[in-house]
Amino acid sequence: MVWPLNIKDAKAVQEGLRHKVKIFPLSKQPRYIAAADAAFIDDKIIAAVCVYKYQGIEYLEHEIVVRKITFPYIPGYLTFREGPAIVEAIKKLKTIPDVIIFDGQGIAHPKGLGIASHIGVLLDMPTIGCAKSRLTGTFKEPGQRKGQWSRLMCNGKTIGAVLRTRDNVRPVFVSAGHKIDLKTSVDIIVHCTGNYRIPLPQRCADMIAKSVKKDLGKRV
DNA sequence: GCGACAG
DNA sequence: ATCTTGTCGC
């Protein structure tokens, strides 16, 4: 798997993959669900991906990958910065997840190819984008109660959902990644939500990445 | 040219 | 994302 190292090549890659994204409902309820996230320290990126059993949201396993950063953070090109390490971590898993949640957008992206959609196409797996803030699109503030959501719009099209995962807290931005649709994505995110704003598997990946970062920091 | 801008 | 202490609120 080759990754571009500059904006020019990255744009070409996005152009070649953007039309390969497929949106349709998940055929069956997932058995295993995973989530990925990353942390940074010096010139390295720490990718963490954890797998949960969908029924009852039970933790099963996690994998970690640490490698050098090869691309800067540029809005709209997050995949090229975090994708390489995250994909490696996903490939190390013993349990193949039925759907993967990403900390970022799915199709709610300027080119319709956020990190969730991009990696979904690369791995040919169902993926969901669950970002903590908006990248593109307009919306009305959703109701203040957990579970309430409003549509994220772009050119008259619904590209995602602004979902309240807890009462009176900032909403998250959910969008279909690949091989799934918005309704199913929202249902899954709601199912994975405990008493925190961030879905449990995603929160787990975040904590693991940060914990590894802490260890790498105190090099003994 | 100006403002926006996932992590 | 990351840098950072205490602090207000459920």
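Below, read A as the first sequence line, B as the second, and so on, with proteins coming before strands; counting in each chain starts at 1.
- The pair A:K91-A:E63 fails the salt-bridge criterion, with no side-chain N (NZ, NE, NH1 or NH2) lying under 4.0 Å from an Asp/Glu carboxylate O.
- Going from atom NZ of A:K146 over to atom P of C:dC10 covers 18 Å, rounded to whole Å.
- Ring geometry for A:W3 against A:H118 counts as parallel: the plane angle stays under 30°, on a 0 to 90° scale with 60° as the upper cut.
- In this entry the distance linking CD1 of A:I86 with P of C:dA1 reads 12 Å, nearest Å.
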Quiz item: Under the side chain to side chain donor-acceptor pair (under 3.5 Å) criterion, do A:T165 and A:R197 qualify, and how do the steps go?
Solution: CA-CA 5 Å; A:T165 49; A:R197 179 169 87 112; 5.7 Å; no
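- Annotation: cation-pi pair A:R203/A:Y196 present, NZ/CZ under 6.0 Å from the ring centroid and within 45° of its normal.
- OP1 and OP2 of C:dA1 both lie 4.0 Å or more from every side-chain N or O belonging to A:K213.
- Remark: C1' of C:dC3 and NZ of A:K210 are 13 Å apart, rounded to the nearest angstrom.
- For A:D187 and A:T184, the side-chain atoms include no donor-acceptor pair closer than 3.5 Å.
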Quiz item: Reading nucleotides 2-7 of chain B 5' to 3', which nucleotides get B (base under 4.0 Å from a protein heavy atom), which S (sugar-phosphate only), which -?
Solution: --SBBB
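- Whole-Å rounding puts the A:I41 CD1 to C:dA1 C1' distance at 13 Å.
- Look at A:R145 and A:D167 and you find a salt bridge, because one of the NZ, NE, NH1 or NH2 atoms lies within 4.0 Å of a carboxylate O, short of that distance.
- Side-chain atoms of A:E141 and A:S150 include no donor-acceptor pair closer than 3.5 Å.
- Near-neighbour residues of DNA chain B inside residues 153-183 of chain A, defined by a heavy atom below 4.0 Å, are absent.
- Among the heavy atoms of the strands, none lies under 4.0 Å from A:A108.
- Partners of A:Y77 according to the ring pair (Phe, Tyr, Trp, His ring centres under 6.0 Å) rule, which considers only residues two or more places apart in sequence or in another chain, do not exist here.
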